[in-house]
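Per chain, numbering begins at 1; letters A, B, ... match sequence-line order.
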Amino acid sequence: MATLEALLHDRLAPAFEAVAGARVDPSLRRSQHADFQADAALALAKRLGRPPREIAADVLGSARLDGLVATAEVSGPGFINLTLADDALGPLLGAMSRDERLGVPRVEAPETVLVDYSAPNVAKEMHVGHLRSTVIGDAAVRVLDWLGHRVLRANHLGDWGTPFGMLIEHLADEGESGAAGELSLGDLNAFYQAARAKFDTDETFRERSRSRVVALQSGDPGTRHMWRLLVDESERHFLVLYDLLGVRLTDGDFRGESFYNDMLAPVVAELDRLGLLRVSEGAQVVYPAGFTGRGGEPLPLIVRKSDGGFGYPATDLAAIRFRTAELGATRLLYVVGLPQSQHFAMVFEVAREAGWLTPPARAEHVGFGSILGPDGKLFRSRAGDTVKLGALLDEAIARAAALIAEKSPDLDPETSAAVARDVGIGALKYADLSNDRTRDYVFDWDRMISFEGDTGPYLQYARARILSIFRRGGVTPPHDLAAIPVTAPPERALAIELLGFTGVVAEVGESLEFHRLAGYLFRLATVFTAFYERCPVLRAEGSVRESRLALCDLTARVLGRGLTLLGIGTPDRM
RNA sequence: GCGCUCGUAGCUCAGCGGAUAGAGCAGCUGCCUUCUAAGCAGUUGGUCGCAGGUUCGAAUCCUGCCGAGCGCGCCA
């Protein structure tokens with residue numbers, strides 16, 4: 001379904017072209033002074049050597065606006081203010097209401113998009129540092145999937161490397177059954193720390209750990225078996241959290257670093273064959289174009305360390321080659337913290353130079369900022385250590401439960417618990433996704449779960465209220481109206497906001513700036529509650545009641561769809 | 001030293017070259033015999049870090065400075 005901007009564009013573009021003698025973007029946007037405004041006349045003034053107001057007037061003189069625009073006038077220095085015709089809104093809303101997809105078309109050219117996100121480390125519990133990647137990546141998966149792309153989820157587990165020598169050796173010391181018991185209790189951190197402590201203090205243990213790494217890499221069956229046990233226990237722990245978080249990651253999405261082991265040597269060999277490989281201080285490196293170090297000298301990407309081991313750049317390169325060549329992905333998304341932006345820029349550049357990332361295939365670092373505590377420093381527990389993700393989610397749910405018990409004591413225990421989960425987790429996710437992804441944000445329990453203002457619960461509540469109207473009235477809102485007539489100002493404002501959904505979703509599918517979708521939903525909820533205050537629904541009669549019911553229904557569906565795209569639960573009552 | 005990001009209301013944040021810079025929270029005034037007050041209406045509050053520049057027009061683009069954070073070869 002065409003957006004209002006697109007419809008206006010189609011009417012104004014020919015007029016601008018006629019006046020300017022060339023194609024001109026009318027430069028449409030929402031306006032405080034009217035429904036929309038077109039700003040292009042101002043930019044044309046210099047080129048045409050005419051006053052902008054005069055250009056704007058000429059454009060309006062030749063534009064065919066009938067049936068869409070009620071009033072159009074030149075304003076200020078040369079803006080064109082446009083007010084939509086009520087008659088034009090009704091049929092558009094009707095079409096949106098009849099469409100299961102709410103007017104959002106599937107993309108014309110679906111791509112295979114791979115989303116690399118979450119990526120916790122085996123033998124370590126997930127912590128607050130994994131929250132953003134998991135939540136943002138999940139939103140990306142949901143939006144792109146709904147837009148019609150083929151989406152591949154990739155959970156790039158940290159399941160390999162030198163630490164595993166020490167972990168496996170510790171497992172061997174503890175005895176498999178004993179350690180398995182410890183691990184299944186979910187105390188991965190204690191296991192890791194015990195191994196770490198021995199590694200730091202015990203020279204012979206350190207030596208055994210090193211040879212254990214060699215055994216692991218050479219495929220020693222006993223060692224591999226213990227490694228597998230660690231991975232399995234860790235994956236079990238991750239899946240519990242993913243389920244609690246309500247993200248779509250499954251056990252089928254785990255594809256850790258170890259998966260690429262056999263591809264590392266060929267990748268380096270290929271770089272060598274292509275003439276990209278150099279040797280520096282015993283390490284095998286590539287110097288991607290455009291990167292310089294401290295003294296202006298070329299900056300190397302170390303693909304093979306001087307001791308013969310492969311670094312993570314080699315794994316990342318192997319993954320790119322695999323994802324484009326074997327999986328056929330054309331859009332690779334890396335939902336990883338912003339501090340790694342230079343690393344990814346270099347890896348992507350090398351991949352391009354090696355021919356593993358050629359158009360239309362491309363990679364994007366979907367970077368994000370850090371979560372900060374109230375003191376403006378990295379978010380940590382009061383004791384100063386990292387906050388476990390499990391504890392964080394539990395607290396979110398507990399805080400929500402306390403408030404629900406207070407505000408809605410009538411809910412039965414089961415519903416109450418389910419709502420607490422949706423609200424607590426939703427609040428947490430909304431706080432994250434409503435902020436510009438690329439910036440740090442301050443984590444504040446009281447703000448996100450106070451349930452006032454721009455929060456997840458406010459949006460959930462707005463939707464629940466609408467469903468409550470239907471329940472109260474014992475009505476099923478109409479889904480088949482040819483048009484949903486709007487006349488009252490709150491109805492019009494709501495209508496225009498509703499019709500903006502298509503554009504926002506399409507834009508977010510490209511930019512992956514989820515705070516724009518969050519902001520849209522908040523505006524929609526705000527406009528709706530204004531409508532709700534001023535326009536009685538059940539007490540209205542005849543066609544007015546019908547159209548208001550339809551507006552309520554559309555709003556509930558858009559809020560529901562929008563929240564779902566963000567991965568936020570949609571309780572029907574609160 | 002080099003590079004990246006960021007300085008917007010008391011606090012937390014929007015604002016992707018356009019009109020008097022917006023929102024939430026906090027503060028102040030009102031509104032629950034009427035569809036959920038987790039709400040609504042109104043109101044107070046800003047030299048957009050500073051200085052130049054580009055432009056008809058700059059919070060937005062460029063340069064410099066000040067301040068904060070992060071990253072800069074064999075950890076991932």
- Query: Do A/R278's NZ or CZ and the ring of A/Y287 fall within the cation-pi criteria of under 6.0 Å and 45°?
  - Reply: no

- Mark yes or no: A/R30 above the aromatic ring of A/F36, with NZ or CZ under 6.0 Å from the six-membered ring centre and no more than 45 degrees from the axis. yes

- Take A/D432 and A/Y441 through the test side-chain hydrogen bond (donor to acceptor under 3.5 Å, both in side chains) and record every step on the way to the result. CA-CA 8 Å; A/D432 197 303; A/Y441 76 90; 2.9 Å; yes

Could you measure between the two [atom1] atoms, the one in [N] and the one in [M], and give it in whole Å?
{"N": "B/rU47", "M": "B/rA21", "atom1": "P", "result": "12 Å"}
{"N": "B/rG45", "M": "B/rA23", "atom1": "P", "result": "14 Å"}
{"N": "B/rG57", "M": "B/rC25", "atom1": "P", "result": "38 Å"}
{"N": "B/rU44", "M": "B/rU29", "atom1": "C1'", "result": "11 Å"}
{"N": "B/rA58", "M": "B/rG52", "atom1": "P", "result": "14 Å"}
{"N": "B/rG18", "M": "B/rU63", "atom1": "C1'", "result": "24 Å"}

- Message: Less than 4.0 angstrom from a charged side-chain N to a carboxylate O is my criterion; do A/D200 and A/R206 meet it?
- Response: no

Please report, rounded to the nearest Å, how far the [atom2] atom of [N] is from the [atom1] atom of [X].
{"X": "A/F344", "N": "B/rG71", "atom1": "CZ", "atom2": "C1'", "answer": "14 Å"}
{"X": "A/E257", "N": "B/rA76", "atom1": "CD", "atom2": "P", "answer": "8 Å"}
{"X": "A/Y430", "N": "B/rA38", "atom1": "OH", "atom2": "C1'", "answer": "14 Å"}
{"X": "A/D454", "N": "B/rA26", "atom1": "CG", "atom2": "P", "answer": "13 Å"}
{"X": "A/Q340", "N": "B/rU5", "atom1": "CD", "atom2": "P", "answer": "17 Å"}
{"X": "A/W160", "N": "B/rC75", "atom1": "CH2", "atom2": "P", "answer": "17 Å"}
{"X": "A/R437", "N": "B/rC6", "atom1": "CZ", "atom2": "C1'", "answer": "16 Å"}
{"X": "A/E533", "N": "B/rG30", "atom1": "CD", "atom2": "P", "answer": "18 Å"}

- Query: Should the pair A/H130 and A/H127 be assigned to parallel (<30°), tilted (30 to 60°) or perpendicular (>60°) ring geometry?
  - Reply: tilted

Please list every donor-acceptor pair under 3.5 Å in which a side-chain atom of residues 333-346 of chain A meets a protein atom from a residue at least two apart or in another chain.
{"residue": "A/Y334", "atom": "OH", "partner": "A/R323", "partner atom": "NH1", "Å": "3.2"}
{"residue": "A/S341", "atom": "OG", "partner": "A/L338", "partner atom": "O", "Å": "3.1"}
{"residue": "A/H343", "atom": "NE2", "partner": "A/D316", "partner atom": "OD2", "Å": "2.7"}

- Query: Quick one: CD on A/Q284 to CG on A/L277, what's the gap to the nearest 0.5 Å?
  - Reply: 5.0 Å

- Working to the nearest 0.5 Å, report the span between CG of A/L131 and CD1 of A/I371. 4.5 Å

Tell me, which of [range] have any heavy atom that sits under 4.0 Å from an atom in RNA chain B?
{"range": "residues 308-319 of chain A", "result": "A/Y312"}
{"range": "residues 534-557 of chain A", "result": "A/R534, A/C535, A/P536, A/V537, A/L538, A/R539"}
{"range": "residues 517-527 of chain A", "result": "A/F522"}

Heavy atoms under 4.0 Å, any strand shown: does [X] hit a base, just sugar-phosphate, or nothing?
{"X": "A/A464", "value": "base"}
{"X": "A/S280", "value": "base"}
{"X": "A/Y441", "value": "sugar-phosphate"}
{"X": "A/R465", "value": "base"}
{"X": "A/A45", "value": "nothing"}

Name each donor-acceptor pair under 3.5 Å that joins a side chain in residues 548-556 of chain A to protein atoms two or more places apart or in another chain, with its distance.
{"residue": "A/R548", "atom": "NE", "partner": "A/E491", "partner atom": "OE2", "Å": "2.8"}
{"residue": "A/R548", "atom": "NH1", "partner": "A/P536", "partner atom": "O", "Å": "2.9"}
{"residue": "A/R548", "atom": "NH2", "partner": "A/E491", "partner atom": "OE2", "Å": "3.4"}
{"residue": "A/D553", "atom": "OD2", "partner": "A/H479", "partner atom": "NE2", "Å": "3.4"}
{"residue": "A/D553", "atom": "OD2", "partner": "A/R557", "partner atom": "NH1", "Å": "3.0"}
{"residue": "A/T555", "atom": "OG1", "partner": "A/L551", "partner atom": "O", "Å": "2.7"}

- Message: For Watson-Crick and G-U wobble pairs within 3.5 Å on both distances, what is RNA chain B written in dot-bracket notation, | included for inter-strand pairing?
- Response: (((((((..((((....[...)))).(((((.......))))).....(((((..]....))))))))))))....

- Just compare B/rU12, B/rC35, B/rG39 and give me whichever is closest to any side-chain atom of A/E452. B/rG39

- Answer with yes or no whether the side chains of A/T438 and A/D436 bring together a donor and an acceptor at under 3.5 Å. yes

- Query: A/T83 and A/D35: side-chain donor and acceptor closer than 3.5 Å?
  - Reply: no

- Query: Glycosidic conformation of B/rC32, syn or anti, with 90° from 0 as the boundary?
  - Reply: syn

Any donor-acceptor pair under 3.5 Å from [X] side chain to [Y] backbone:
{"X": "A/D159", "Y": "A/S258", "result": "yes"}
{"X": "A/R399", "Y": "A/E395", "result": "no"}
{"X": "A/S511", "Y": "A/E513", "result": "yes"}

All side chain to side chain donor-acceptor pair (under 3.5 Å) counterparts of [X], not counting sequence neighbours:
{"X": "A/T415", "value": "A/D412"}
{"X": "A/Y260", "value": "none"}
{"X": "A/Y430", "value": "A/D454"}
{"X": "A/K124", "value": "none"}

- Query: Toward the 5' end of RNA chain B, which comes first, A/I302 or A/P374, by nearest nucleotide?
  - Reply: A/P374

- Note on the structure: Contacts of A/P298 and A/L411 projected onto RNA chain B by closest heavy atom; the upstream (5') one is A/L411

- A/F322 and A/F259: CA distance, side-chain angles, deciding distance, ring pair (Phe, Tyr, Trp, His ring centres under 6.0 Å) verdict: CA-CA 10 Å; A/F322 177 78; A/F259 177 81; 5.0 Å; yes

- Verify the contact: side-chain N or O of A/T529 to OP1 or OP2 of B/rC40, cut-off strictly under 4.0 Å; return yes or no. yes

- Message: Check the phosphate of B/rC40 against A/Y458, side-chain N and O only, distance under 4.0 Å to OP1 or OP2. Yes or no?
- Response: yes

I'd like a table of atom pairs between the protein and nucleotides 66-70 of chain B - only N or O on both sides, under 3.5 Å - with the distance next to each one.
none

- Message: So A/I568 and A/D422, do their side chains get closer than 4.5 Å, heavy atoms only?
- Response: no

- Task: State, yes or no, whether a side-chain contact exists between A/D572 and A/R463 at a heavy-atom distance under 4.5 Å.
- Result: yes

- How does protein reach along nucleotides 15-22 of chain B, written 5' to 3' as B (base within reach of a heavy atom under 4.0 Å), S (only sugar-phosphate), or - (no contact)? SB-BBB-S

